Protein chains: 2
Amino acid sequence: MSKSETSNDLSFDFDFLDKLVVGIGEVSQITGIPPRQIRYWEEKGIIKSLTEEEGKNRRYNYENIKRMLLIKELLDEGYTLDASAEKVKKRMEMIEETLNKLKNK
Amino acid sequence: MSKSETSNDLSFDFDFLDKLVVGIGEVSQITGIPPRQIRYWEEKGIIKSLTEEEGKNRRYNYENIKRMLLIKELLDEGYTLDASAEKVKKRMEMIEETLNKLKNK
DNA sequence: TCAATAATTGTAAATAATTTACAATTGCAA
DNA sequence: TTGCAATTGTAAATTATTTACAATTATTGA
């Protein structure tokens, strides 16, 4: 069975995560990070919205959300924003690797 | 390690799916179903938004989205909307069972 | 302590996206 | 061709988000 077909096993969920794109309000609900703070992080270049056009609503994917959650954790641990962002970059690579392994299985 | 802690294994993704809530625009992007059609299905009672207050924007969870995708498939196969919804109900129970097994592992 | 910088927060005005309601259209089977 | 299911169109009102400018709070080194 192809990865893109619907099924009740787990292969579908990875396709789902690939397609998943949400707005700032949803990200805020999911992560507990206020929209204002998300915009600030983006302004600083810590995260990037998928939206290309100016003035349109921001869109984030799973990787973005994951990144924000990790940064939030590190901030709580006492790291600065820049240090957190740096650490997360490395951590993201590990996660990405894990997901890719599972996706191509 | 607790299920709610962040990690680079998969247990996190289930927590993520639990928290995932998206608006109608995002659902439309993810599923390919036009917002107008999603509202129509809701009007008919086929799906239900999480929003309690009238006039506020609709919110959907993972189960809702999965349901819509399954209905869309069955419609393409030639089933009526009501028949699709009925079939999906049973299919959802199987999926729910599978997810619960994995969540509590 | 004081100044400087980092991080966050507040908010008004403009714009984007969604809602409801009423209506029209399309497809199909009896 | 009639009837019903399913979908689609759209205007006006409302909700949510954006940008821009500014203020506030926290931390750190002199």
Side-chain angles (χ1 to χ4, degrees), chain A residues 19-62 64-65 67-89 91, chain B residues 19-62 64-65 67-89 91:
Chain A
K19 283 189 243 153
L20 186 66
V21 168
V22 302
I24 198 168
E26 287 81 27
V27 173
S28 180
Q29 267 193 273
I30 293 164
T31 63
I33 304 166
R36 188 67 184 78
Q37 192 168 16
I38 294 173
R39 289 191 204 100
Y40 169 66
W41 289 1
E42 188 162 332
E43 200 176 289
K44 286 217 41 176
I46 302 298
I47 50 172
K48 298 222 181 310
S49 163
L50 304 175
T51 316
E52 62 298 327
E53 300 135 285
E54 169 104 347
K56 297 286 182 180
N57 289 8
R58 290 168 171 78
R59 292 288 128 116
Y60 302 98
N61 58 15
Y62 179 67
N64 281 139
I65 299 169
R67 189 181 297 270
M68 293 185 222
L69 285 168
L70 292 172
I71 289 173
K72 188 188 177 198
E73 269 186 31
L74 293 177
L75 282 177
D76 285 345
E77 284 179 29
Y79 290 97
T80 65
L81 185 54
D82 288 334
S84 299
E86 184 57 33
K87 278 201 133 220
V88 162
K89 217 165 139 178
R91 207 158 160 185
Chain B
K19 283 190 242 154
L20 185 65
V21 167
V22 302
I24 198 167
E26 287 81 27
V27 173
S28 180
Q29 266 194 274
I30 294 164
T31 63
I33 304 167
R36 189 65 185 80
Q37 192 168 16
I38 294 172
R39 290 193 203 99
Y40 169 67
W41 289 0
E42 188 163 331
E43 201 176 289
K44 287 217 39 175
I46 302 298
I47 51 171
K48 299 223 180 307
S49 164
L50 305 174
T51 317
E52 62 297 327
E53 301 136 284
E54 169 104 346
K56 297 286 182 182
N57 290 8
R58 290 168 170 79
R59 291 288 128 114
Y60 302 97
N61 59 15
Y62 178 68
N64 281 139
I65 299 169
R67 188 181 297 270
M68 293 185 222
L69 285 168
L70 291 172
I71 289 173
K72 188 189 176 196
E73 268 188 30
L74 293 177
L75 282 178
D76 286 345
E77 284 179 28
Y79 290 98
T80 65
L81 185 54
D82 288 334
S84 299
E86 183 57 32
K87 277 201 132 216
V88 162
K89 217 164 141 179
R91 208 157 160 186

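Here the structure is a predicted model, which means the values were calculated and not measured. Every chain is numbered from 1 and lettered A, B, ... according to where its sequence line falls, protein lines coming before strand lines.
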Handout entry: Annotated protein contacts, base or backbone, on nucleotides 23-30 of chain C with a non-hydrogen cut-off under 4.0 Å, one of B, S, - each
Key = B-------
Completion exercise
Looking only at D:dT15, D:dT19, C:dT9, the nucleotide nearest the A:Y40 side chain is C:dT9
Problem - B:L50 CG - C:dT19 P separation (whole Å) - result: 13 Å
Practice task
State, with a plain yes or no, whether a side-chain heavy atom of A:N64 is found less than 4.5 Å away from one of A:V22.
Solution key: no
Exercise for the section: Would you mind reading off the distance between A:Y79 atom OH and C:dA6 atom C1', rounded to a whole angstrom? Expected result: 18 Å
Problem - Closest to the B:N57 side chain, choosing from C:dT8, D:dT15, D:dT17 - result: D:dT15
Handout entry: OP1 or OP2 of D:dT19 under 4.0 Å from side-chain N/O of A:R58
Key = yes
Exercise for the section: Among the candidates C:dA7, D:dT7, D:dA6, find the nucleotide nearest to the side-chain atoms of B:Q37. Expected result: D:dT7
Exercise for the section: Would you mind reporting whether A:W41 and A:R67 have side-chain heavy atoms less than 4.5 Å apart? Expected result: no
Fill in the blank from the handout: Atom CG of A:D82 and atom P of C:dT8 are separated, to the nearest Å, by 10 Å
Fill in the blank from the handout: When rounded to the nearest 0.5 Å, the distance separating CD of B:E73 from CD1 of B:I71 is 11.0 Å
Practice task
Under 4.0 Å between any heavy atoms, over every strand shown, what does B:R39 touch: base, sugar-phosphate, or nothing? Just pick one.
Solution key: base
Handout entry: Flag side-chain contact, heavy atom, 4.5 Å: A:K44 against A:D82
Key = yes
Problem - Phosphate OP1/OP2 of C:dA7 contacted by A:W41 side-chain N/O (<4.0 Å) - result: no
Practice task
Could you check if a side-chain atom of B:I65 sits within less than 4.5 angstrom of a side-chain atom of B:T31, using non-hydrogen atoms only?
Solution key: yes
Practice task
Find which nucleotide of DNA chain C each of A:G55 and B:R59 is nearest to by heavy atoms, and output the residue with the more 5' nucleotide.
Solution key: A:G55
Exercise for the section: Round to the nearest Å and state the distance from A:I24 atom CD1 to C:dA17 atom P. Expected result: 14 Å
Problem - Side-chain touch A:L81/A:I46, heavy atoms, less than 4.5 angstrom - result: yes
Handout entry: Heavy-atom side-chain contact between B:E42 and B:R39 under 4.5 Å
Key = no
Problem - Integer-rounded Å distance: D:dT27 C1' and A:L81 CG - result: 14 Å
Problem - Rounded distance in Å - CD (A:E54) to C1' (C:dA14) - result: 13 Å
Exercise for the section: Rounded off to whole Å, could you give me the OH-to-P distance for the B:Y60 and C:dT18 pair? Expected result: 11 Å
Problem - B:K56 vs C:dT19: side-chain N/O to OP1/OP2 distance below 4.0 Å - result: no
Exercise for the section: Please state how far atom CD in B:E43 lies from atom P in C:dT19, giving the value in whole angstrom units. Expected result: 12 Å
